[in-house]
Amino acid sequence: MAEKKAFYITTTIPYVNAPPHIGFALEIVQADILARYHALLGEEVFFNFGSDEHGVKIYRKALEEGKTPQAYVDEYAAKFDALKGTLNLSYNAFTRTTDPHHKAAAQEFWKRCHVAGDIYKKNYQIKYCVGCELEKTDSELVDGKCPLHPNLELEVIDEENYFFKLSKYKQPLLDLYAAYPELVVPDFRFNEIKKFIENGPEDFSISRLKEKMPWGVPVPGDDSQVMYVWFDALVNYISTLGWPEDEKNFEKFWGTKEKPNGLQMAGKDQIRQQAAMWQAMLMSADLPQTKQIVIHGFITSGGHKMSKSLGNVINPFAIVEEYGADALRYFLARHVHPFEDSDFTMERFKEVYNADLANGLGNVASRILTLAQTHLPEPVQVELVPYPEEFTEALNNFEINQASEYVWGRIHALDKKITTTEPFKLVKTDAEAGKKLIVELVKELAAIDLLLEPLVPETSKKIIDAIVANKKPETLFPRKE
RNA sequence: CGCGGGGUGGAGGAGUGGUACCUCGUCAGGCUCAUAACCUGAAGAUAGCCGGUUCGAUUCCGGCCCCCGCAACCA
């Protein structure tokens, strides 16, 4: 028997200094839909999620709240892992960067980059605004001062840090981009990173002085430094597979140099880290590249980026509480563009919920199963039908909205079929023909249900259970006024 | 000339080198199996503006105007 095809997918791992918001939900739901889809195709799926738990911001926040950093990240990691239940996710690994195995993997990764000659120490100057208690880059400054505290002089702090030779990888990265024209999806994001690299990337700092900021993975061979959070966090994509010890699992899912197999989902603010830094790091450590990086857009609310100060932050937990996980999953799948920014308002959400879920899917299931329960003596034998090309093609291109649109097109067609063929009349005049027609309708509902499974797994299960029991289900999506 | 995204009927959104699609809303019919639901039809868009390529542009190219990200929280 041929071995199952291995499918690896990972999201970026969220930084745990704030509760999960709708943006995380988007990325993880997209990933979950793809993971479930590939599992249904019969592939062996490894789906990674996790939490990024080191760094100065977390360190300070923990101290502010009077907690140890570990207690602080434990609390937040649990909140993110709770998304699994809330959104009905199928990930099989939750990688915490404070996990001992992950830390050891990050250190091994560091050593390999070091052996490759890509890590060096140099003096690093940072400008520090005491008013903000933050480092400031030149691009943030206005007239050489912090725009928020123009009356304060910036402090210049000299620190010796380790650097990664990203500059060395300019040509190798450009070669990589040329060799793998589908490395980054969509194209316009790929162009963005190509241009960035063509302009000559600079080496970046990958460590911090421990004395100043102890909350990080210790740098191998130097007690005075800890890794900069980015370096350690990126390694999670492979530490989750048991790298470096479990070579077999690693190769199976992350692939080989000849045939990379890792699929990464990331937001548009992550292009540099994922498509440049991480790829260069993999080259340096002599490991296979990522096969593909899918960059999604942001969710805006009322036309603006969500922010606490604007008060337009959408809380995914509250939505699930009121409408259920599938309702949110559906919205994110169908009404959020897979690559571009999309707007999310509660008004819009409710409108879509009523139109597509209550009046659409929920109602049509109700219509058909009522007919079946009333007129058919026994459950319809449903058969598995292969996924139609229109659906698979969309999902293979990560166009989850198109795939969903296709499914809802079938739902509308089914409503139409009931109205035009009038089975409810036919059973009265010709019982046999009427029953035959109802069986047909149930079969089409079952076929649609199969397509619904990756998108709205809970609803899909309710419908198939109802078909098997030949019983009208409880109201799937009650109308909301 | 810092980088990138966008401007599609009243509203919100897809899509595309060749009759412009969907949802909501409006108007008029139909149906009764269904979650005051569903089906049909109608009104409503000179596709931001101006040029170019083309037999043909909403779609490709150039210019202009406007909106939104690119500091923090943060995908």
Side-chain angles (χ1 to χ4, degrees), chain A residues 11-15 17-28 30 57 61 129 132 134-137 139-142 146-148 186 188-189 191-193 195-196 199 265-271 295-300 303-310 313 334-337 339-345 347-348 350-352 354-375 399 401-402 404-405 408-409 411-412 414-428 434 437-438 441 472-481:
Chain A
T11 64
T12 50
I13 53 172
Y15 198 63
N17 58 346
H21 61 72
I22 193 86
F24 289 120
L26 171 64
E27 185 170 316
I28 191 80
Q30 287 182 336
K57 278 181 279 186
K61 198 102 182 262
C129 171
C132 299
L134 280 175
E135 291 175 15
K136 295 282 160 178
T137 61
S139 61
E140 297 172 42
L141 303 179
V142 175
C146 168
L148 300 176
F188 62 85
R189 295 294 173 209
N191 289 338
E192 213 173 307
I193 192 65
K195 212 179 259 179
F196 173 71
N199 288 337
M265 308 292 287
K268 67 178 186 181
D269 60 334
Q270 289 285 323
I271 312 168
I295 305 289
H296 62 79
F298 280 174
I299 291 177
T300 57
H304 295 280
K305 191 174 172 178
M306 279 188 277
S307 74
K308 284 172 193 161
S309 48
L310 273 176
V313 176
R334 167 98 188 269
H335 295 283
V336 169
H337 194 284
F339 310 127
E340 298 193 41
D341 289 0
S342 301
D343 206 54
F344 189 119
T345 59
E347 291 70 29
R348 173 79 183 132
K350 198 163 119 183
E351 179 186 311
V352 160
N354 280 330
D356 301 345
L357 295 176
N359 300 347
L361 174 59
N363 186 56
V364 83
S366 204
R367 297 177 82 177
I368 292 173
L369 289 163
T370 300
L371 287 168
Q373 180 183 324
T374 313
H375 301 289
E399 288 165 342
N401 59 340
Q402 302 272 34
S404 311
E405 212 164 304
W408 259 260
I411 291 171
H412 282 300
L414 192 50
D415 255 328
K416 190 169 174 176
K417 183 167 177 176
I418 299 170
T419 305
T420 49
T421 58
E422 301 183 314
F424 41 88
K425 276 187 189 165
L426 192 56
V427 277
K428 290 174 190 159
L437 179 56
I438 293 169
L441 295 171
K472 179 188 183 236
E474 294 294 305
T475 300
L476 295 169
F477 299 100
R479 261 190 81 86
K480 300 276 184 183
E481 295 310 321

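Note on naming: letters A, B, ... go to the chains in the order of the sequence lines (proteins, then strands), and numbering restarts at 1 for each one. Just so it is clear, the structure is predicted and the values come from calculations on it, not from any experiment.
Across B/rU35, B/rA75, B/rC31, the shortest atom-to-atom separation from the side chain of A/Phe424 is found for B/rC31. With distances taken from any side-chain atom of A/Arg367 to the nucleotides B/rC3, B/rG5, B/rC38, the minimum falls on B/rC38. Considering only side-chain atoms of A/Ile418, the nucleotide from B/rC33, B/rA75, B/rG15 that sits closest is B/rC33. In this structure, the nucleotide among B/rA75, B/rU35, B/rC33 sitting nearest to the side chain of A/Thr12 is B/rA75.
Looking at heavy-atom distances under 4.0 Å, A/Phe477 makes contact with a base. Note on A/Leu369: nothing from the nucleic acid sits closer than 4.0 angstrom, heavy atoms only. Among the protein residues, A/Leu26 comes within range of no part of the nucleic acid, since none of its heavy atoms lies under 4.0 Å from any strand. As judged by a 4.0 angstrom heavy-atom cut-off over every strand, A/Gly23 is placed among the base-contacting residues. Using a 4.0 Å heavy-atom distance criterion, A/Thr370 is classed as a sugar-phosphate-only contact. Using a 4.0 Å heavy-atom criterion, one finds that A/His375 contacts no nucleic acid atom at all. Across all strands, A/Ile299 comes closer than 4.0 Å to base atoms (heavy-atom distances). Residue contacts for A/Asn191: at a heavy-atom cut-off of 4.0 Å it reaches no nucleic acid atom on any strand shown. A/Phe24 comes within contact range of the sugar-phosphate backbone alone, with a heavy-atom separation under 4.0 Å but no base atom that close.
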I'd like to know whether A/Leu371 forms a side-chain contact (heavy atoms from CB on, under 4.5 Å) with A/Val427, so could you lay out the CA-CA distance, the side-chain angles of the two residues, the decisive distance to 0.1 Å, and finally the verdict. CA-CA 10 Å; A/Leu371 287 168; A/Val427 277; 5.8 Å; no
Might you work through the side-chain contact (heavy atoms from CB on, under 4.5 Å) test for A/Phe298 and A/Leu26, ending with a clear yes or no? CA-CA 9 Å; A/Phe298 280 174; A/Leu26 171 64; over 6 Å; no
Test side-chain contact (heavy atoms from CB on, under 4.5 Å) on A/Leu426 and A/Thr421 and set out the steps. CA-CA 8 Å; A/Leu426 192 56; A/Thr421 58; over 6 Å; no
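Heavy atoms of other residues, nucleotides or ligands lying less than 6.0 angstrom from NZ of A/Lys416 number 12 at most.
A distance of about 12 Å separates the C1' atoms of B/rU16 and B/rA47, rounded to the whole Å. Nucleotides B/rG10 and B/rG2, compared at atom C1', are 39 Å apart to the nearest Å. Taking the P atom of each, B/rU40 and B/rG25 are spaced 16 Å apart, rounded to whole Å. Across B/rC61 and B/rG69, the matching P atoms stand 26 Å from one another, rounded to whole Å. Across the C1' atoms, B/rG7 and B/rA45 are found 14 Å apart, a figure rounded to whole Å. The same atom, C1', is picked in B/rC22 and in B/rG17; the two are 22 Å apart, to the nearest Å. The same atom, P, is picked in B/rC68 and in B/rU8; the two are 15 Å apart, to the nearest Å. Comparing the P positions of B/rC65 and B/rC55 gives a spacing of 32 Å, expressed to the nearest Å.
With RNA chain B read from its 5' end, the first of the two nearest nucleotides for A/Asp341 and A/Ala266 is the one closest to A/Asp341. In terms of position along RNA chain B, the nucleotide closest to A/Leu371 lies nearer the 5' end than the nucleotide closest to the other residue of the pair A/Lys416 and A/Leu371.
An OP1 or OP2 oxygen of B/rC73 is reached within less than 4.0 angstrom by a side-chain nitrogen or oxygen of A/Lys57. Distances shown here put every side-chain N or O of A/Lys268 at or beyond 4.0 Å from the OP1 or OP2 atom of B/rC70. Contact between the side-chain N/O atoms of A/Lys428 and the OP1/OP2 oxygens of B/rC33 is found at a separation under 4.0 Å. Applying the 4.0 Å criterion to OP1 and OP2 of B/rG5, one finds that A/His337 has every side-chain N and O outside that range. The side chain of A/Lys195 places an N or O atom within less than 4.0 Å of a non-bridging phosphate oxygen (OP1 or OP2) of B/rG4.
B/rA36 atom P lies 8 Å from atom CG of A/Asn363, rounded to whole Å. The interatomic distance linking A/Ile368 (CD1) with B/rC38 (P) rounds to 14 Å, in whole Å. For A/Phe196 and B/rC70, the CZ to C1' distance is 13 Å, given to the nearest whole Å. At whole-Å resolution of the value, CZ in A/Phe339 and P in B/rG13 are 18 Å apart. Counting to the nearest Å, the P atom of B/rC73 and the OH atom of A/Tyr15 are 8 Å from each other. Following rounding to the nearest Å, A/Phe298 (CZ) and B/rC70 (C1') show an atom-to-atom distance of 10 Å. Atom CD1 in A/Ile438 sits roughly 8 Å away from atom C1' in B/rC33 (whole-Å rounding). The CZ atom of A/Phe188 sits 7 Å away from the C1' atom of B/rG5 (whole-angstrom rounding).
Under the Watson-Crick and G-U wobble criteria, each requiring two contacts below 3.5 Å, nucleotide B/rG29 is paired to B/rC39. A 3.5 Å limit on both hydrogen-bonding distances identifies no Watson-Crick or G-U partner for B/rA72. Shown here, B/rG18 forms a base pair with B/rC55; the pair counts as Watson-Crick or G-U wobble because both key distances fall under 3.5 Å.
In this structure the side chain of A/Phe188 never reaches within 4.5 angstrom of the side chain of A/Lys268, judged on heavy atoms. Here the side chains of A/Asn354 and A/Lys350 are in contact, with some heavy-atom distance below 4.5 Å. Counting heavy atoms from C-beta on, the side chains of A/Leu441 and A/Arg367 never come closer than 4.5 Å. Within the 4.5 Å cutoff, the side chain of A/Phe24 has no heavy atoms near those of the A/Thr12 side chain. Contact check for A/Ile418 versus A/Pro423: side-chain heavy atoms found under the 4.5 Å cut-off. In this structure, A/Asp343 and A/Arg348 have side chains that are not in contact, with every pair of non-hydrogen atoms separated by 4.5 Å or more.
Using a 4.0 Å cut-off between charged side-chain N and carboxylate O, A/Asp356 and A/Arg334 make a salt bridge.
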Show the distances under 3.5 angstrom between N or O atoms of the protein and N or O atoms of nucleotides 20-29 of chain B.
residue, atom, partner, partner atom, Å
B/rC24, O4', A/Glu351, OE2, 3.0

